[in-house]
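For reference, the structure is listed below as structure tokens.
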There are 2 protein chains.
Amino acid sequence: MKLTNKGRYAVMAMADLATNADKGPISLTEISIRQNISLAYLEQIFLKLKNNKLVKSSRGANGGYILEKPASEIKLSNIIHAVNEEVKTLNCKKNSKKGCNNKFTKCITHNLWDQLDQHINSFFETVKLQDLTKNN
Amino acid sequence: MKLTNKGRYAVMAMADLATNADKGPISLTEISIRQNISLAYLEQIFLKLKNNKLVKSSRGANGGYILEKPASEIKLSNIIHAVNEEVKTLNCKKNSKKGCNNKFTKCITHNLWDQLDQHINSFFETVKLQDLTKNN
DNA sequence: TTAATTCTGACTAAAAAGGTAGGAATTCAA
DNA sequence: TTGAATTCCTACCTTTTTAGTCAGAATTAA
């Protein structure tokens, strides 16, 4: 699980959309100002959010984005995964030379990181976008 | 919380020490071979582990490292913190221009990342080094 | 037609990750 | 007392990732 600004921005922007869901399409310019995130960067992020069917866009003047689904049906894990393709804590599988993924010497801590991944994911699986729009 | 190879290596090396605790000081050369981690990199890691009073060293031939405390008293969080000075998911406090830490517009997701930090930390607080030396 | 907007791809700068290199200091053992 | 094994320490290096910027095309409402 990668936890970077990009993921954070994505969640912030989605929370902004959810908060303003009643106002029709929200432009990235608005979000950029409200959340203090560069417009060009937001565009990149929303490309991915759109590809992952989390938002719908309308182009042209007065265009913008709206949530594709109700905020109650969007899990934070959906958002994080959308912008950070990679979701593993650990690259045991990738670096075969590192001696972790061979059958004989599975690294001592392999199970540990598996558990950690689950632990973190369970957090993002539990929290819904809607949960962010209430009491804050 | 940063979760990188360095932290993983540190945990692996400490688990190795714990497993071989009865054999007197363990040299980094041994650990390097067993865990397949570069010696020079281990040296850097152990410098920090030592500064954080997690291991004791003895220099010279037949020297090496031993755990400073019983494995049952070393939490994984101790190890991770030792090698990754920085432990925050989030840099709300650092980037003051990013508009998160001012009193008025605390960013929507601020509480969320605080909770996440706690969630992850609780994992590392719970697991002890000793837990890694059993069933794996 | 024009301004506002999304869409897209290429580029870049800075930071972090993941190391290497070289040598000094210490200590054991032959 | 010398040499090998080891920790200690600092500086450097390379690659990858992050966090953007830039330029411009496509679309659409007014």
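All chains are named by letter (A, B, ...) in the order of the sequence lines, taking the proteins before the strands, and each is independently numbered beginning at 1. On a predicted model such as this, the values are computed, not experimentally measured, just so you know.
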query: Just to confirm, is there a sub-4.0 Å distance from OP1 or OP2 of D:dA19 to any side-chain nitrogen or oxygen of A:T4?
result: yes
- Message: Please confirm whether the shortest side-chain N or O distance from A:T29 to OP1 or OP2 of C:dA4 is below 4.0 Å.
- Response: no
Looking only at side-chain N and O atoms, does A:N5 come under 4.0 Å of OP1 or OP2 in D:dA19? yes
Below 30° counts as parallel, above 60° as perpendicular, anything between as tilted: where do the rings of B:F46 and B:Y65 land? tilted
Check your understanding: Within the modelled atom types, does a donor on one side and an acceptor on the other bring the side chain of A:R59 and the base of C:dT6 under 3.5 Å apart?
Key -> yes
Of A:I45, A:N52, A:L47, the one forming a side chain to side chain contact (heavy atoms under 4.5 Å, CB included) with A:L49 is A:I45
### Message
Would you say B:K50 places a side-chain N or O within less than 4.0 Å of OP1 or OP2 belonging to D:dT7?
### Response
no
In whole angstroms, the gap separating C1' of D:dA11 from CD of B:Q44 amounts to 10 Å
One pair to check against salt bridge (charged side-chain N to carboxylate O under 4.0 Å, His left out): A:K75 and A:E125. What are the steps and the verdict? CA-CA 6 Å; A:K75 293 182 285 190; A:E125 288 285 326; 2.8 Å; yes
Scanning both residues in full, the closest heavy-atom pair of B:K53 with B:K69 reads O-CE, 4.4 Å
Closest of D:dT7, C:dT27, D:dG20 to the A:S38 side chain is D:dG20
Would you say a side-chain N or O of A:Y9 is under 4.0 Å from OP1 or OP2 of D:dT18?
no
Any B:Y65 side-chain N or O less than 4.0 Å from OP1/OP2 of D:dC8: yes
side-chain N/O B:S57 vs D:dC8 OP1/OP2, d < 4.0 Å: yes
| Phosphate oxygens OP1/OP2 of C:dA29: is one of them under 4.0 Å from a side-chain N or O of B:N62? | yes
